[in-house]
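The structure appears right after this line, and notes come after that.
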Number of protein chains: 2
Amino acid sequence: MLATLLRRVPYLTEADIAACLPLWTKSVTLKRNDFLIRAGQVEHHLYFVSSGAMRIYLPDATEEICVGFAYGTSLICSFPSFVENRPSDYCLQALKKTELLAVSRADFLALLDSNANFARFWRMELERVLVGRIEREIDLLLPEPERRLQRLLARSPHLFQLIPKKYIASYLRMTPETLSRLR
Amino acid sequence: MLATLLRRVPYLTEADIAACLPLWTKSVTLKRNDFLIRAGQVEHHLYFVSSGAMRIYLPDATEEICVGFAYGTSLICSFPSFVENRPSDYCLQALKKTELLAVSRADFLALLDSNANFARFWRMELERVLVGRIEREIDLLLPEPERRLQRLLARSPHLFQLIPKKYIASYLRMTPETLSRLR
DNA sequence: GGTAAATCTTGAGGCTAATCAAGGTTTGGT
DNA sequence: ACCAAACCTTGATTAGCCTCAAGATTTACC
């Protein structure tokens with residue numbers, strides 16, 4: 001539930017949350033393999049995953065390179081497309097039945113401008129995501145597949161129950177065969 | 001010059017810039033191979049590179065993995081350490097004589113809280129950096145060394161005049177020999 | 001619950017990039 | 001400008017991951 005996520009942020013008041021919640025006017029339900037966005041489309045919404053699981057992948061010339069997952073109660077979008085209002089390089093696809101709420105870019109930006117507490121929340125969310133990306137970069141730079149796997153197991157062991165191994169292998173920059181052999 | 005960087009931001013007024021500049025009280029000059037920060041230290045400052053060039057690397061067990069460069073007029077710090085106030089995983093080292101200005105975390109956070117325009121600047125700076133990281137992630141995920149090199153050549157050709165090839169090779173997740181053979 | 005599809009595992013072989021090594025070139029510091 | 005150190009290049013060899021393939025297992029959907 002979105003309200004639960006927001007209530008965990010100490011400096012957001014009930015008034016801030018009450019100002020935010022009504023902006024999530026769009027509701028989306030995806031079946032397995034449905035797309036939330038395809039490469040080439042412009043992303044105009046920021047999404048909250050209520051339930052289900054998604055994968056984010058780059059449709060490269062010869063293969064689909066998996067760059068991330070979303071599940072549980074997290075925010076998700078094709079970030080460069082949403083922020084820069086340009087066509088997405090990525091596809092976002094449901095791995096199972098998935099329910100999402102969405103806020104439009106215009107409403108979201110207006111909220112950031114009108115509510116300093118919420119602007120602070122978004123700033124800290126960006127910092128948190130950026131720190132996560134930097135951690136992730138370390139993973140990708142390690143030359144040994146085994147150490148890349150170890151780091152993911154240490155950080156996100158639940159992924160292995162939730163996401164098909166072939167996508168995790170792609171995320172870890174190795175083939176499914178190599179991942180299977182490492183286990 | 002720091003003022004030049006800030007004046008390029010359309011929504012920062014001269015008053016905003018005047019409020020910001022005096023906070024950069026610390027001045028640092030590094031010789032070649034000097035460290036701005038070593039792994040294990042906590043980063044309490046955000047830096048602006050006035051001149052020179054720096055590399056950011058991860059001192060891994062067996063090798064130094066290069067994760068980025070800073071030069072010209074850019075902001076730089078060990079980001080996870082600065083944001084989360086914890087020991088840095090990274091080393092920041094000067095590649096030549098380098099001059100920097102610094103603002104303390106406390107002063108910077110106070111500025112973000114007191115100046116909405118500056119908070120907006122920082123939010124957009126974070127978004128910009130995050131988009132760059134996502135681009136960078138694509139580079140790292142490409143399996144072929146040749147395509148990783150092509151993307152860097154397309155995006156930052158000047159790096160090859162500025163930075164020793166061995167660090168660029170590490171940044172591109174390949175050995176100096178492989179980089180040399182690709183050219 | 002049953003069936004088909006998707007996914008995972010295991011094996012054999014090939015290829016690419018890493019390693020090791022040596023010579024040539026550039027760069028830094030005095 | 002000189003010398004020394006750092007850096008870059010090229011070659012030969014090796015190791016590790018990918019590719020291809022087939023069988024086993026799990027999962028999805030009616």
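It should be emphasised that the depicted structure is a prediction, and the values quoted were computed from it without experimental measurement.
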- Query: What are the residues of residues 162-183 of chain A, sorted by number, that bring a heavy atom to within less than 4.0 Å of DNA chain D?
  - Reply: A/M174, A/T175, A/E177, A/T178, A/R181

Roughly how many Å is it from [atom1] in [X] to [atom2] in [N], rounded to a whole number?
{"X": "A/L149", "N": "D/dC17", "atom1": "CG", "atom2": "P", "value": "12 Å"}
{"X": "A/E64", "N": "C/dT7", "atom1": "CD", "atom2": "P", "value": "11 Å"}
{"X": "B/R55", "N": "D/dA6", "atom1": "CZ", "atom2": "C1'", "value": "13 Å"}
{"X": "B/N33", "N": "D/dA5", "atom1": "CG", "atom2": "P", "value": "14 Å"}
{"X": "B/K97", "N": "C/dG29", "atom1": "NZ", "atom2": "P", "value": "12 Å"}
{"X": "A/K96", "N": "D/dC29", "atom1": "NZ", "atom2": "P", "value": "12 Å"}
{"X": "A/E63", "N": "D/dC18", "atom1": "CD", "atom2": "C1'", "value": "11 Å"}
{"X": "A/R32", "N": "D/dT26", "atom1": "CZ", "atom2": "P", "value": "17 Å"}

- Query: Does B/F79 have A/R133 sitting over its ring (NZ/CZ under 6.0 Å from centre, angle to axis within 45°)?
  - Reply: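 No cation-pi geometry.
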
- Query: Distance under 6.0 Å and angle within 45° of the ring axis: does A/R55 meet both against A/Y171?
  - Reply: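 No, A/R55 and A/Y171 do not form such a contact.
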
- Message: Looking only at the aromatic ring of each residue, does the gap between the centers of A/Y167 and A/F69 stay below 6.0 angstrom?
- Response: no

- Message: Applying a 4.0 Å non-hydrogen cut-off, can you work out what A/P143 is touching in the nucleic acid: base, sugar-phosphate, or nothing?
- Response: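 Nothing: the residue A/P143, judged by heavy atoms under 4.0 Å, touches no strand.
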
- Note on the structure: In terms of heavy-atom contacts, B/L23 and B/A19 come closest through CG-O, 3.8 Å

- Item | Minimal non-hydrogen separation, B/L179 against B/K165, with atom names |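 Result for this residue pair: CD2-O, 3.5 Å.
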
- Message: Test: salt bridge (charged side-chain N to carboxylate O under 4.0 Å, His left out). Region: residues 15-33 of chain B. Which pairs qualify, not counting sequence neighbours?
- Response: B/K31-B/D34

